[in-house]
Amino acid sequence: MLKKWSAAVLSGLLVVGALSACGGESDDAGSGKKDDGKITMGFAQVGAESGWRTANTKSIQEAAAAAGIELKFSDAQQKQENQIKAIRSYIAQKVDIIAFSPVVESGWDTVLKEAKDAKIPVILTDRAIDSKDTTLYKTFIGSDFVVEGKKAGEWLVKEYAGKTDTVNLVELQGTTGSAPANDRKSGFADVIKADPKFKVIASQTGDFTRAKGKEVMEAFLKANPKIDVLYAHNDDMGLGAIEAIEAAGKKPGVDIKIITVDAVKDGMTALAAGKINYIVECSPLLGPQLMDLAKKVLNGETIPQRVLTVESAFTPEQAKTELPNRKY
Ligand code: GYE
């Protein structure tokens with residue numbers, strides 16, 4: 001133990017010496033910025049696209065205040081270029097630590113190398129990146145979106161067990177290129193592909209918003225006379241789609257079965273009312289764990305590379321019981 005520790009300190013010292021020349025491996029212990037004892041975190045949020053995101057932002061802001069961490073917060077309006085700008089400005093402001101929820105999976109290496117060269121540790125929250133270089137961030141805290149997609153698929157398989165008629169499915173995908181859209185799609189597809197009666201007849205992005213969910217569902221309904229099931233990658237798109245389904249004179253939850261992901265209050269209310277049939281939970285309450293991890297990183301403590309959030313899934317009956325406790 002002791003030997004390992006001194007080796008880590010030694011390599012930390014060597015690295016600090018070498019950094020000005022080439023910006024090599026930084027050590028946790030060498031990342032403290034100011035000596036005023038106050039931690040400043042720059043947080044680059046995705047946007048305000050959904051109920052989930054609003055709850056996530058609130059959780060982060062409240063947890064920062066409770067932990068005595070000064071938070072610099074930015075909203076990228078679902079645009080990667082805005083997030084990159086925000087991260088660069090946090091680097092320029094010499095914050096102690098940067099956290100962000102990457103809008104899409106690809107294209108982060110350059111800006112994250114800049115943070116690493118500036119010895120500012122980075123924590124990924126909520127969404128993953130596809131970078132091969134895992135030294136560009138300290139940890140990733142968030143859900144397993146593939147598992148969420150699988151849970152949605154498993155419910156569907158059970159619901160139609162013993163039936164042989166074709167089941168026509170439409171899918172509202174999340175933001176193109178985002179981890180939750182990619183993984184919720186693939187997890188779901190993996191489970192339903194075992195049974196050829198399930199046919200995905202249309203699949204398009206609704207950008208995780210209610211307005212887009214409604215618009216795309218309207219188009220799906222016009223183009224496809226027989227839709228049996230809608231799988232929406234979040235509650236908000238599902239709620240927008242419900243408006244379109246009702247406007248088309250159909251009963252959501254009955255004529256068209258609906259599966260969504262998130263389990264925010266509005267989604268759970270529609271579930272309890274039978275307009276949605278199943279919701280896979282994805283917790284937005286990442287703030288307290290994020291602040292805890294940030295402090296550990298800045299203290300030079302070892303933290304796991306991946307921190308998973310614990311989640312469940314709900315039927316209409318379970319939604320009725322859960323709703324009074326739902327905070328978001
Ligand atoms: O499901 C959706 C939001 O990244 C898990 O983003 C998050 C997703 C969430 O817009 O509602």
Side-chain angles (χ1 to χ4, degrees), residues 43-60 75-80 82-83 99-106 108 123-130 137 140-152 171-188 204-214 216-217 230-242 258-271 276 278-287 289-290 306-314 326-328:
F43 189 90
Q45 181 59 291
V46 168
E49 74 281 3
S50 63
W52 190 100
R53 190 65 55 198
T54 309
N56 179 246
T57 292
K58 195 165 167 252
S59 169
I60 286 157
D75 171 340
Q77 298 184 312
Q78 296 228 71
K79 291 202 180 78
Q80 181 174 33
N82 292 345
Q83 267 191 325
F100 80 114
S101 172
V103 59
V104 289
E105 287 193 89
S106 309
W108 297 103
I123 296 180
L124 303 181
T125 75
D126 158 32
R127 297 183 182 179
I129 59 173
D130 63 6
Y137 55 91
F140 163 41
I141 170 178
S143 312
D144 186 330
F145 303 133
V146 176
V147 168
E148 291 173 353
K150 285 192 171 152
K151 283 186 191 166
E171 180 178 31
L172 282 168
Q173 297 176 34
T175 302
T176 305
S178 70
N182 293 340
D183 296 351
R184 287 173 186 167
K185 183 174 173 47
S186 70
F188 182 76
Q204 221 175 287
T205 182
D207 223 6
F208 281 131
T209 68
R210 232 175 252 217
K212 248 324 201 32
K214 182 177 179 191
V216 177
M217 190 68 200
L230 161 67
Y231 169 42
H233 290 185
N234 78 343
D235 289 346
D236 283 81
M237 292 189 295
L239 291 164
I242 286 173
I258 303 179
I259 313 165
T260 65
V261 186
D262 275 357
V264 295
K265 221 176 210 162
D266 287 355
M268 293 288 270
T269 305
L271 179 64
I276 295 178
Y278 195 63
I279 302 186
V280 177
E281 185 181 37
C282 177
S283 175
L285 306 180
L286 306 178
Q289 268 174 299
L290 169 62
R306 177 77 171 98
V307 180
L308 264 176
T309 28
V310 182
E311 281 139 3
S312 129
F314 305 98
R326 216 68 189 158
K327 299 269 182 315
Y328 54 90

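Atoms within each ligand, like the ligands themselves, are counted from 1 in listed order.
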query = Can you name the residues that come within less than 4.0 Å of ligand 1, going by heavy atoms only?
reply = E49, S50, W52, R53, D126, R127, F145, P180, R184, F208, N234, D262, C282
task = Indicate yes or no for a side-chain donor-acceptor contact from S59 to the backbone of A55 under 3.5 Å, with no hydrogens or angles considered.
result = no
message = What I want to check is whether the side chains of Q78 and T175 have a donor and an acceptor closer together than 3.5 Å.
response = yes
ask   = Judged by atom type as modelled, is there a donor-acceptor pair below 3.5 Å linking the side chain of S143 to the main-chain atoms of F145?
value = no
inquiry  = Using only atom types and a distance under 3.5 Å, with no angle test, would you say the side chain of E171 pairs donor to acceptor with the backbone of Q204?
reply    = no
ask   = Any side-chain heavy atom of D144 sitting closer than 4.5 Å to one from E311?
value = no
ask   = Are the aromatic ring centres of F188 and Y231 under 6.0 angstrom apart?
value = yes
